[in-house]
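Single-structure report; data block below.
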Amino acid sequence: MIYGWFAVTILTEVRNRSLRQSWHAVLDRLGEFQLPVLLFVLAGTIALFFADDLRLAAGAWKAWLIDPILFFGLVLRYYTARDALYLIRAGLVTLLLVAGWGLVELLGGFGMQIPGFLNAMYESPNMVALLLVPIWLLGFGLIIQRYVASGSIRQTVRGAFFEIIAVVLGLIAIVFTQSYGGLLALCAGIVVIIAVLPRDYMQLKKLFAVGVIAGALAAAGVLGVSGKAQRFFDTTTYNSWDTRQQIWHVSWELIQEHPIIGIGFGNFEQHYYDKAFELYSPPLEWEVPKAHNLYLNLWLEMGVLGLISFVVVCGLCIRRVARFMMGATKNSVLLVCVAASLAAVCVHGLLDTPYFKNDLSVVFWFVVALLLMLSTNRNPET
């Protein structure tokens, strides 16, 4: 679909003799993001040719770099802040499909990798949490903005009924993934909303704070009933934290061996396997597709340039939001929630890799595109 959209765009622009104007329009919308985005693409392309398995690396390069960047550019070409509502609603359709099917499996007691852990159509519960959390925060932002605009709970329910259903089902699904990283990222996103919202929304801030506490207690209850919390503190066997520590150690050793270029796109698993058996006999996990840390994985698969350019993109997003919030209006509420979505991705990246997967890479650049749209128009409702 991305390539079809891109092909139609190119053909249309060539026919209308407007290809150069469209290109410059996208560059203008990128603004200060032009250089870091270009360096990110360059870093991935360089890393491609340093991979042991070029065929595997080429597939990863297409899926995790070219596809999402093309999507990113097309969104910037065709959409403005006025379209943010519809774009986020489209994302909520994805949330509903994934969360809905996961809850059907959970209630029916079938299709789960681990009984009681919601994984929907994915291989693991973590994959569900990685996808749903940033989209959930975007949907939550629509509800908040509707409430701020109307000032009435009844009108908010009527006007944002679809968003409320999606957010409620999505929250239940995220909790039942029992993903520590997902829950931490969700809390981080809510904390960002509480911290960044202007003082005019003090009542909302207090309400969200109560919601975070209640949600944390509910999540703790689910983790306690399932036994996952007990297993985390059980010293007689290893848990996900022990495994991650070992994976991070192996990853850091690989970085020291390949500090500049990295090991190439999509080549982590084999390098991990060889190094893990060199350091441990045997390692806790033998087959590990990613480093379980976004920043270590960026460094390994895209080199130091890929890591730096990614961090710069996130830093520019923070600066753009900070500048915009200096003249905050009611319409800035949605931008705050988009920023919270990006923050959730960054925080989740401390424990997992919320980028190196086809859908997750698209979600990341989708969030960045929304942030660019909303921060260049102070009145997205008009």
Side-chain angles (χ1 to χ4, degrees), residues 43-44 46-61 63-64 112-117 119 122-130 177-185 223 226-304 306-307 310 347-357 360:
I46 292 172
L48 167 65
F49 295 102
F50 283 86
D52 295 336
D53 189 335
L54 183 59
R55 177 177 172 274
L56 185 64
W61 175 78
W64 304 336
M112 290 174 287
Q113 184 189 49
I114 306 172
F117 288 67
N119 64 284
Y122 290 92
E123 294 179 5
S124 73
N126 282 345
M127 291 181 181
V128 178
L130 286 165
T177 63
Q178 302 190 48
S179 166
Y180 291 124
L183 294 172
L184 177 64
L223 293 171
S226 70
K228 184 173 182 178
Q230 290 88 329
R231 288 193 295 273
F232 184 83
F233 295 102
D234 187 356
T235 58
T236 62
T237 183
Y238 73 89
N239 53 46
S240 60
W241 178 250
D242 299 323
T243 303
R244 276 172 167 76
Q245 286 183 300
Q246 196 173 95
I247 294 170
W248 296 336
H249 176 220
V250 174
S251 299
W252 180 246
E253 293 295 325
L254 288 171
I255 286 173
Q256 291 181 308
E257 294 178 5
H258 309 272
I260 306 300
I261 302 299
I263 59 177
F265 253 126
N267 280 238
F268 178 83
E269 189 165 5
Q270 185 58 48
H271 281 269
Y272 172 84
Y273 183 89
D274 296 338
K275 178 58 68 173
F277 273 93
E278 180 184 318
L279 296 174
Y280 301 98
S281 53
L284 297 177
E285 292 286 346
W286 297 9
E287 298 180 357
V288 179
K290 295 294 167 221
H292 284 288
N293 180 286
L294 174 60
Y295 310 101
L296 290 177
N297 215 90
L298 280 164
W299 198 341
L300 275 171
E301 296 203 30
M302 297 184 67
V304 68
L307 172 63
F310 182 90
V347 170
H348 208 158
L350 298 173
L351 298 175
D352 227 314
T353 46
Y355 184 88
F356 291 89
K357 191 169 172 288
L360 301 181

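For Ser251 against Leu296, the heavy-atom pair with the smallest separation is CB-CD1, 4.1 Å. The shortest non-hydrogen separation linking Ala291 to Thr353 is N-CG2, 4.3 Å. What you find for Ala51 and Ala57 is that their closest heavy atoms are CB-CB, 3.4 Å. Residue Gln113 comes nearest to Ser124 through the heavy atom pair OE1-CA, 3.7 Å, listed as atom of the first residue, atom of the second, then distance. Considering every non-hydrogen atom in both Pro283 and Trp286, the closest pair reads O-NE1, 3.2 Å. Across all non-hydrogen atoms, the minimal contact from Phe277 to Pro282 is CE2-CB, 4.2 Å.
Separation of atoms CD (Gln178) and OH (Tyr180) is listed at 8.0 Å; rounding is to 0.5 Å. Gln270 contributes atom CD, which lies 10.0 Å from atom CD1 of Ile263 (distance to the nearest 0.5 angstrom). The structure places CZ of Phe265 at 14.5 Å from CZ of Phe50, a figure rounded to the nearest 0.5 Å. For the atom pair CG of Asp274 and CG of Leu279, the computed distance is 11.0 Å after rounding to the nearest 0.5 Å. Remark: Phe310 CZ to Leu298 CG distance equals 5.5 Å, nearest 0.5 Å. Separation of atoms CD1 (Ile255) and CD1 (Ile260) is listed at 11.5 Å; rounding is to 0.5 Å.
Between Phe268 and Pro289 there is no side-chain heavy-atom pair separated by less than 4.5 Å. Contact annotation: the side chain of Asn126 never approaches that of Thr177 to less than 4.5 Å [non-hydrogen atoms, C-beta and beyond]. Put simply, the side chain of Leu294 reaches to within 4.5 Å of the side chain of Pro354, judged on heavy atoms.
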- [ ] Give the intermediate values and the outcome of side-chain contact (heavy atoms from CB on, under 4.5 Å) for residues Met302 and Trp64.
- [x] CA-CA 11 Å; Met302 297 184 67; Trp64 304 336; over 6 Å; no

- [ ] Could you walk me through whether Glu253 and Glu278 pass side-chain contact (heavy atoms from CB on, under 4.5 Å), step by step?
- [x] CA-CA 11 Å; Glu253 293 295 325; Glu278 180 184 318; over 6 Å; no

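Atom OH of Tyr295 is surrounded by more than 12 heavy atoms from other residues, nucleotides or ligands within 6.0 Å. The 12-atom threshold is not exceeded at CD of Glu287, counting heavy atoms of other residues, nucleotides or ligands nearer than 6.0 Å.
Listed for the Glu301 side chain is no donor-acceptor partner under 3.5 Å among the backbone atoms of Lys290. At distances below 3.5 Å, not a single donor-acceptor pair connects side-chain atoms of Arg244 with backbone N or O atoms of His292. Distance alone, capped at 3.5 Å, places no donor-acceptor pair between the Tyr280 side chain and the Glu285 backbone.
Here the rule is side-chain contact (heavy atoms from CB on, under 4.5 Å) with Ile247, and of Val288, Leu284, Asn293 only Val288 fits it. When each of Ile261, Leu307, Leu254, Asn267 is paired with Leu300, the side-chain contact (heavy atoms from CB on, under 4.5 Å) condition holds for Leu254 and for no other.
Under the 3.5 Å distance criterion, with hydrogens and angles disregarded, no donor-acceptor pair is assigned to the side chains of Asn119 and Glu123.
Ring centroid separation for the pair Trp299 and Trp248 does not come in under the 6.0 Å cut-off.
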